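Have a look at the structure below, then the notes.
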Amino acid sequence: MATEATTTNFQNSDFRPVPQPPDFHPEVTVSPHDGLHFWQFMIAGSIAGCVEHMAMFPVDTVKTHMQALGTCPIKSVGVRHALRSILKSEGLPGLYRGIGAMGLGAGPAHAVYFSVYEVCKKYFSGGNPNNSAAHAVSGVFATVASDAVFTPMDMVKQRLQLGNSAAYRGVFDCVKKVLKEEGFGAFYASYRTTVLMNAPFTAVHFATYEAAKRGLIEISPESASDERVIVHATAGALAGASAAVVTTPLDVVKTQLQCQGVCGCDRFKSGSIKDVIKTIVQKDGYKGLMRGWIPRMLFHAPAAAICWSTYEAGKTFFQELNASTESGTVT
C-alpha cells in the first residue's frame, strides 16, 4: 500500500520538475525562417540597399576612379591621391556623381536580392538554421537574380562617376547616349563578370554573416535581444570585409568593362575576362588586379553593417506588425 501511495504521489500532475543547474546552457538556434510575406522581405531589402549605398557612395566613387586604367587623371593606387584628385578636379559634388543611378538601381535590386535569399534559405536549409552551405547557395541564387536588375544602372553609375559633365549630363542622358552609340548590350557587358565576382562574394558574405551572427549570439544568449543591432552590425562588417578582399580582382575587371571609352579608359575588342586581365597585367602588373582593394574593403565593411542592421530592423518591424495583426490589436 505504501508503495502504491508513493507511486501515485510521484505521478501527480502537480509534480514540479527539478530546475536545471545554473551552468546549463541550452543550444542557441536561429529561426530557419522569419514568418514574413514575400513582399515584406522585398520592402525591408529595398530600404536596406538604398540606405547602404547612399551612405557609402563617396567611397565607391574613389574605388571606381582607382580601378580605371587609361588616360584618366587618377593614376595612383593610393586612396589619398585619388580622393585629392577628385576634389581638385570636380570638388565635393564629384564624389556624388552618379548617385541618382545608384538610387534607381539599388532599391529594386536589393528587393530581389533579399527576398530570393530568404525563399532559397528556407528551401535549401531543410529546417536546419545552422546550415552554412544552404546560406552560401541561397546567396548565389540571390546575386544571379539581383545582378540582372542592378547591372545596367551600375554601368550608368560608374560612367557618371568617371565622366565629367561634358560627357554625360545625367542618368537619362547617359542611358540615351549608350543606347545610341553602343546598343543595349553595353548595359550588360559586365554581367558575366559581375555574376562570377558576386557569386563567391555572396557565398562568403552570407555564410560568414550567418556564422558570425550565430557565434555572437552564443557568446551572450541572455542579452542577444537587447544587443541585436550590435550583433547584426558586427557580423555584417566581418562578412563584408572578408568577401570584398577576396573578390577585388574580378571587381577591377568589371569596372574596366563597364567604363570602356569613358574618360580615356581602354576599349576591349571582346568582353573576355581573360583579355581584360591580360591588359591589366601588361599595363600595371599583377598589383593592378588589386587596385582599389582598400576603399572596397572600407566600403563593404560598414556598408554591410548598415545594410544588415537596417534589413534586420525592417524584418523585426514586420514581425511585430504581423503579430499585432494576428492578435487583432491593429485597427
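Just so it is clear, the structure is predicted and the values come from calculations on it, not from any experiment.
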Kindly give the heavy-atom pair with the smallest separation between [X] and [Y], and that separation in Å.
X      : Y      : value
Ala235 : Leu216 : N-CD1, 4.0 Å
Gly49  : Ala106 : O-CB, 4.1 Å
Asn131 : Phe124 : ND2-O, 4.1 Å
Gln161 : Arg97  : CG-O, 3.2 Å
Val171 : Gly100 : CG2-C, 4.0 Å
Gly288 : Asp284 : CA-OD2, 3.3 Å

I'd like to check [X] versus [Y] (side-chain heavy atoms, cut-off strictly below 4.5 Å). Are they in contact?
X      : Y      : result
Met66  : Pro295 : yes
Phe150 : Thr194 : no
Val178 : Phe187 : yes
Met290 : Val252 : no
Leu95  : Leu87  : yes
Thr316 : Glu320 : yes
Val175 : Met155 : no
Met102 : Phe57  : yes

Taking atom [atom1] of [X] and atom [atom2] of [Y], what is their separation to the nearest 0.5 Å?
X      : Y      : atom1 : atom2 : result
Ile277 : Gln256 : CD1   : CD    : 11.0 Å
Ile47  : Thr310 : CD1   : OG1   : 9.0 Å
Leu238 : Thr234 : CG    : OG1   : 7.0 Å
Ser115 : Phe38  : OG    : CZ    : 3.5 Å

**OP:** Could you walk me through whether Lys213 and Glu312 pass the salt bridge (charged side-chain N to carboxylate O under 4.0 Å, His left out) test, one step at a time?
**Re:** CA-CA 12 Å; Lys213 181 176 71 172; Glu312 296 287 356; 3.8 Å; yes

Original post:
Can we say Lys176 and Glu181 salt-bridge, meaning some charged N sits less than 4.0 Å from an Asp/Glu carboxylate O?
Top reply: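 Salt bridge: no.
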
Original post:
Would you call the rings of Tyr188 and Phe184 parallel, tilted or perpendicular, where under 30° means parallel and over 60° means perpendicular?
Top reply: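 Tyr188 vs Phe184 ring planes: tilted.
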
**OP:** Give the ring-plane orientation class for Phe41 versus Tyr311, where under 30° counts as parallel, over 60° as perpendicular and anything between as tilted.
**Re:**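 Plane angle between 30° and 60°, so tilted.
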
Subject >> Ring centres under 6.0 angstrom apart (Trp308, Phe114) >> reply: yes

**OP:** Apply the test salt bridge (charged side-chain N to carboxylate O under 4.0 Å, His left out) to residues Glu182 and Arg159: give CA-CA distance (whole Å), side-chain angles for both, the deciding distance (0.1 Å), then the verdict.
**Re:** CA-CA 13 Å; Glu182 303 175 52; Arg159 291 195 177 206; 2.6 Å; yes

**OP:** Look at atom CZ of Phe318 and say whether more than 12 heavy atoms of other residues, nucleotides or ligands are closer to it than 6.0 Å.
**Re:**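 Enclosed: over 12 neighbouring heavy atoms sit under 6.0 Å from CZ of Phe318.
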
Subject >> Verdict with supporting geometry, Asp275 and Lys278, salt bridge (charged side-chain N to carboxylate O under 4.0 Å, His left out) >> reply: CA-CA 5 Å; Asp275 289 344; Lys278 185 178 178 180; over 6 Å; no

Quick one: do the [X] and [Y] side chains pair a donor with an acceptor below 3.5 Å?
X      : Y      : answer
Tyr209 : His135 : no
Asn322 : Gln40  : yes
Asp147 : Thr151 : no

Original post:
Step by step, would you call Lys63 with Gln158 a side chain to side chain contact (heavy atoms under 4.5 Å, CB included)?
Top reply: CA-CA 10 Å; Lys63 181 215 72 169; Gln158 289 201 312; 4.2 Å; yes

Given 3.5 Å as the limit, does a donor-acceptor pair link the side chain of [X] with the main chain of [Y], or not?
X      : Y      : value
Ser46  : Met42  : no
Ser146 : Tyr113 : no
Ser89  : Ile86  : yes

**OP:** Could you point out which residue of Lys157, His53, Arg296, His300 forms a side-chain hydrogen bond (donor to acceptor under 3.5 Å, both in side chains) with Asp60?
**Re:** Lys157

